[in-house]
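Computation of the quantities below employed the complete heavy-atom set of this structure, encompassing side-chain atoms and omitting hydrogens, waters and symmetry-equivalent molecules. We name chains A, B, ... by the order of the sequence lines, and we start the count at 1 in each one.
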There are 2 protein chains.
Amino acid sequence: MASKPSVSAHDVAERAGVSRSAVSRTFTPGASVAPETRERVLKAADELGYHVNHLARGLMRRESGIVCLIVSDAATPYRSALLRELTIHLQNAGKVVMLINTDRSDDSVGQALRQAIRYQADASIILSGLPDKSITQLCLKNGQRLVLINRDDDQPGPLKINLNDEEASSRIALAFERAGCRHVAFANSDARTPSLMARERGFSKAAEALGLEVTVERYGWTGYEAGKVLAHRLLTRKIRPEAVFCATDLLACGFMDAARHEFGLSIPGQLCVAGFDDIEQAGWESYQLTTFAQPLASIAEAAVSWLCSAPEETAMSVPSVLIEPQLIWRKSVRGG
Amino acid sequence: MASKPSVSAHDVAERAGVSRSAVSRTFTPGASVAPETRERVLKAADELGYHVNHLARGLMRRESGIVCLIVSDAATPYRSALLRELTIHLQNAGKVVMLINTDRSDDSVGQALRQAIRYQADASIILSGLPDKSITQLCLKNGQRLVLINRDDDQPGPLKINLNDEEASSRIALAFERAGCRHVAFANSDARTPSLMARERGFSKAAEALGLEVTVERYGWTGYEAGKVLAHRLLTRKIRPEAVFCATDLLACGFMDAARHEFGLSIPGQLCVAGFDDIEQAGWESYQLTTFAQPLASIAEAAVSWLCSAPEETAMSVPSVLIEPQLIWRKSVRGG
DNA sequence: TTGTACGCGTTATCAA
DNA sequence: TTGATAACGCGTACAA
């Protein structure tokens, strides 16, 4: 047995007694082929187990059907949920997903994009990191479309999908004020991602405008453990904040656990907590976290429809989409 | 500007003033090319932004470098963690990951495998569902290697990686008995996956052998919500079980939350709970769940090394790997 | 070491 | 509607 005994259109043509072109046409939607010929080809193909070789097809059509998803920390609840939504939408659009895991460095994103170019990806969607401008140009030059999700970048060319983090965050400040809190805090990671900083900014500004005392603390990476550390830092201050807005739900979960189990605080009785992302765990009985849901389906929808659209449409459209997060009231903030 | 203005080896050759094969050789490790020529080619390639076209290369080499990951419910904590481990290992091995999301039907897996064939994937790793035997044969016939993870199947050809679910589960029965529990229960989903059923079997048998009273309940899909429902069913019985082994951590989280917040039970004081998978949340302060860790790195390692190995090795090796889960003692079971 | 010529499996073009 | 032929970009046997 040969190493890769794959069956080609040639074999099918031979068996069906037609030309290679007839086989190709049979598998090309909208091509003109006689019903009877088509039938014969289909039969032969089935018997032989023939499948169109998309590598070769992509070579000819200059369109691989591959869309590259570039992401770090893909196993995180928020990221994996977004990934799922994108994957489903892409599959429904007839695209195939190539997944590239990066570390959190920008160089790593560059490497991923080069890989995407090598595989002639029709487009790449970037969920983490920010590519160098030269790499962006390289992608565009190679006919690859780019989508940046929550990456605050102003280069022309890529489609930019952003959440209105700042405006949303300001609403939490108002909610805290209505709950009767005077001293509030923002718990952030030290990742300093554009969206994280926008949330911090939106909250701080609004809180100050309302005359509240605002404390900001940043620590580590955006995960559960960092949330616990942030709780230690904020809850041991001389004036303990009465309400804390965490930059993400994962931070909020760690924060709440520390607040309850290590400081014995009741939520929302003694402490109000809010988060962002609406990960699945935010709805769990142990947390019941008031948070912002990212409309993941809308994000995926916007990304996929843009990268599947005709070139002329793409060139004309303003490549920027702003999406409104949705406030989900649960039980971690008084009032509501 | 043309639609896909990608730069080819021909362009590089022209600019460097060499033949096209010289370019090809420069990018083929281990090919003989003069250092000076190589230098010229590299320079021209860099200036033009040339990248080898892996579609064309795959066509020639009959090896695409693509490995297909077939999975349903990829956004689940356990699945996404396994996915991450596999992706990282594959990338380190120089492979590129194609992700295909399926629903839970076996037919859907078949469709995914056909897609893998169309893209000439070197291998497919199946995490969910079970392909029809004829499709398995089709893959093998097309020179595609197959890895089945936790899919209890006896077809020859694919590599089968399985956890020793049954033996592991029996150890929990012993732990419950040592904790002084007489009435125990197994909380399962109704998915009836081989691994889930093996856990049920292993636990039930061992518990009965120890002279314990065993109740088994099954409901819905393997998720948090099902865990809550299972808690309602089991905790409202005339004789309330003193210990419950949940088939997965996700079920256990839902179970614990319902037990505490709706039935007011203390864990492990009034109720012992154990889970399986060691998802991240199992270690969170709110759960501190005693559970089994799946050695994900070992699983990924085994899968990747096998599918990267030489054909002759593959043909000889017994394509089956049994991996031992590791018991993680936390605080949801008395004793330990 | 280098260049020429061919084949990989497909689609697009064109004449029949 | 059909079949022959030319690309697509690359690797490689072969000859130089």
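- Using a 4.0 Å cut-off, some side-chain N or O of A:Tyr50 falls inside it from OP1 or OP2 of C:dT10.
- Out of D:dC8, C:dT1, C:dT11, the shortest distance to the side chain of B:Thr37 is found at C:dT1.
- The side chain of A:Ser21 lies closest to D:dG3 when the candidates are D:dG3, C:dT4, D:dT2.
- Among all heavy-atom pairs drawn from B:Val96 and A:Met98, the shortest one is CG2-SD, 3.6 Å.
- Among the heavy atoms of the strands lying under 4.0 Å from A:Ser8 are primed sugar atoms or P, OP1, OP2 only; no base atom is included.
- Around CD of B:Glu47, the count of heavy atoms belonging to other residues, nucleotides or ligands within 6.0 Å exceeds 12.
- Taking every side-chain heavy atom of A:Arg20 into account, D:dT5 is the closest of D:dC10, D:dT5, D:dG11.
- Between the side chain of B:Ser128 and the backbone N or O of B:Val71 there is no donor-acceptor pair closer than 3.5 Å.
- Each of A:Val52 and B:Ala22 was assigned the nucleotide of DNA chain C with the nearest heavy atom; the assignment lying further toward the 5' end belongs to B:Ala22.
- Distance A:Leu55 CG to D:dG11 P: 13 Å, rounded to the nearest Å.
- Checking B:His51 against B:Arg25, the closest nucleotide of DNA chain D that is more toward the 5' end is the one next to B:His51.
- Closest-nucleotide positions on DNA chain C for A:Met60 and B:Arg38 were compared, and the one nearer the 5' end corresponds to B:Arg38.
- In summary, of the residues considered (A:Lys95, A:Arg145, A:Arg62), a salt bridge (charged side-chain N to carboxylate O under 4.0 Å, His left out) with A:Asp122 occurs for A:Lys95 alone.
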